[in-house]
Amino acid sequence: MTKQLILALSKGRILEETLPLLADAGLRPAEDHGASRKLLFDTNLPDVKLVVLRATDVPTYVQLGAADMGVAGKDVLLEHGVEGLHEPLDLEIAACRLMTAGITGAEPARARRRVATKFVKVARRWYAEQGIQAEVIKLYGAMELAPLMNLADEIVDIVDTGNTLRANGMEPRELIATISTRLVVNKAAMTMKHDRIMPLIQRLESAVAARTPR
Ligand code: PRT
Ligand code: MG
């Protein structure tokens with residue numbers, strides 16, 4: 001079996017925070033990721049490669065072993081499920097909250113609440129746990145529009161400062177989960193490539209600890 005290690009990164013805002021953390025842990029892309037259209041990169045470490053993926057695809061690549069390790073938002077992991085994955089480290093970047101939100105001051109009108117979200121599984125589970133009847137509607141973006149357009153009574157979305165909600169006449173309501181970016185490892189790779197993976201986890205752990213003195 002090859003001892004090559006492939007680490008899958010989530011593009012977008014998580015990538016911007018991941019690269020400095022990897023650098024602190026001694027891992028750098030061999031070339032500038034912004035300067036090329038390549039998605040698979042060699043690094044300064046022999047046999048360690050980086051692949052940059054759509055965030056929602058990272059758990060799939062790691063679960064199926066196409067990548068050995070991955071960097072993904074807890075929101076994405078909650079929605080995707082974590083079968084076949086270890087989650088050894090909280091990277092403590094891209095922190096935010098997964099919340100319900102609705103039009104400021106508005107009472108939920110229907111007995112069966114309409115909820116628009118891209119986090120369909122998480123939303124179904126959460127409303128069921130609360131004993132609230134909900135019809136969950138899948139959207140792919142701009143969740144804030146749904147209540148304004150009368151598509152939904154509430155949304156489930158990521159909130160950081162709350163500015164996006166406020167700008168659209170909405171308010172955060174219930175906290176579903178606090179979110180940050182996690183390191184995930186394929187369970188089989190964790191066993192088979194233990195001696196390559198553990199030092200990388202340990203260096204990342206030190207890099208995280210050095211940033212957030214406790
Ligand atoms: O394009 P896509 O639909 O994939 O998402 P995106 O462009 O909003 O974000 P992306 O892909 O760059 O990164 C998404 C990941 O970053 C999420 O899975 C989270 O783990 C993490 N993260 C951290 C966030 C935020 N903070 C965040 N604020 N993801 C999204 N947001 C968005 C949120 O959806 C809302 O539109 O920012 C807005 C809310 O921010 P505030 O500050 O106005 O409350
Ligand atoms: Mg995006």
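Remember, it's 1-based here, ligands and their atoms both numbered in the order they're listed. It should be emphasised that the depicted structure is a prediction, and the values quoted were computed from it without experimental measurement.
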Assess whether side-chain hydrogen bond (donor to acceptor under 3.5 Å, both in side chains) is satisfied between R182 and S180, documenting all intermediate values. CA-CA 6 Å; R182 309 300 164 95; S180 56; 3.1 Å; yes

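- The atoms of ligand 1 that sit less than 4.0 Å from any heavy atom of G12 are 12 (O).
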Full working for side-chain hydrogen bond (donor to acceptor under 3.5 Å, both in side chains) between T56 and H80: CA-CA 8 Å; T56 45; H80 183 273; over 6 Å; no

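- A salt bridge between R173 and E154 is present, with a side-chain N of the basic residue lying under 4.0 Å from a carboxylate O of the acidic one.
- Within 6.0 Å of atom CD in E83, 12 or fewer heavy atoms from other residues, nucleotides or ligands are found, so the atom counts as exposed in its surroundings.
- When heavy-atom distances to ligand 1 are checked against a 4.0 Å cut-off, K74 has no atom that comes that close, whether in backbone or side chain.
- In this comparison of K11, M99, E16, the heavy atom closest to atom 11 (O) of ligand 1 sits on K11.
- Contacts of K118 with ligand 1, taken as heavy-atom pairs under 4.0 Å, involve the side chain alone.
- The shortest N or O to N or O distance between G162 and ligand 1 is under 3.5 Å.
- In this structure, K74 pairs ionically with E87, as a charged nitrogen and a carboxylate oxygen lie closer than 4.0 Å.
- Heavy atoms of D75 found under 4.0 angstrom from ligand 1 belong exclusively to the side chain.
- With a 4.0 Å cut-off on non-hydrogen atoms, T181 does not touch ligand 1 at all.
- Proximity to T161 (heavy-atom distance under 4.0 Å) selects the following atoms of ligand 1: 41 (P), 42 (O), 43 (O), 44 (O).
- Applying the 4.0 Å criterion to heavy atoms of N163 picks out, from ligand 1, the atoms 43 (O), 44 (O).
- Proximity of G141 to ligand 1 is not established, as no heavy-atom distance is less than 4.0 Å.
- The ligand atoms of ligand 1 that sit less than 4.0 angstrom from a heavy atom of T164 are 38 (C), 39 (C), 40 (O), 41 (P), 43 (O).
- Cation-pi check for K138 over Y140 is met; the charged atom lies under 6.0 angstrom from the ring centroid and within 45 degrees of its normal.
- Within 6.0 Å of OH on Y61 lie no more than 12 heavy atoms contributed by other residues, nucleotides or ligands.
- Atom CZ of R28 has more than 12 heavy atoms from other residues, nucleotides or ligands within 6.0 Å.
- Residue E144 has at least one heavy-atom neighbour below 4.0 Å for each of these atoms of ligand 1: 36 (O).
- W126 places none of its side-chain heavy atoms less than 4.5 Å from the side chain of L98.
- Listed by number with element, the atoms of ligand 1 under 4.0 Å from a non-hydrogen atom of G73 are 20 (O).
- If you look at L165 next to ligand 1, there are no close heavy atoms at all, none under 4.0 Å.
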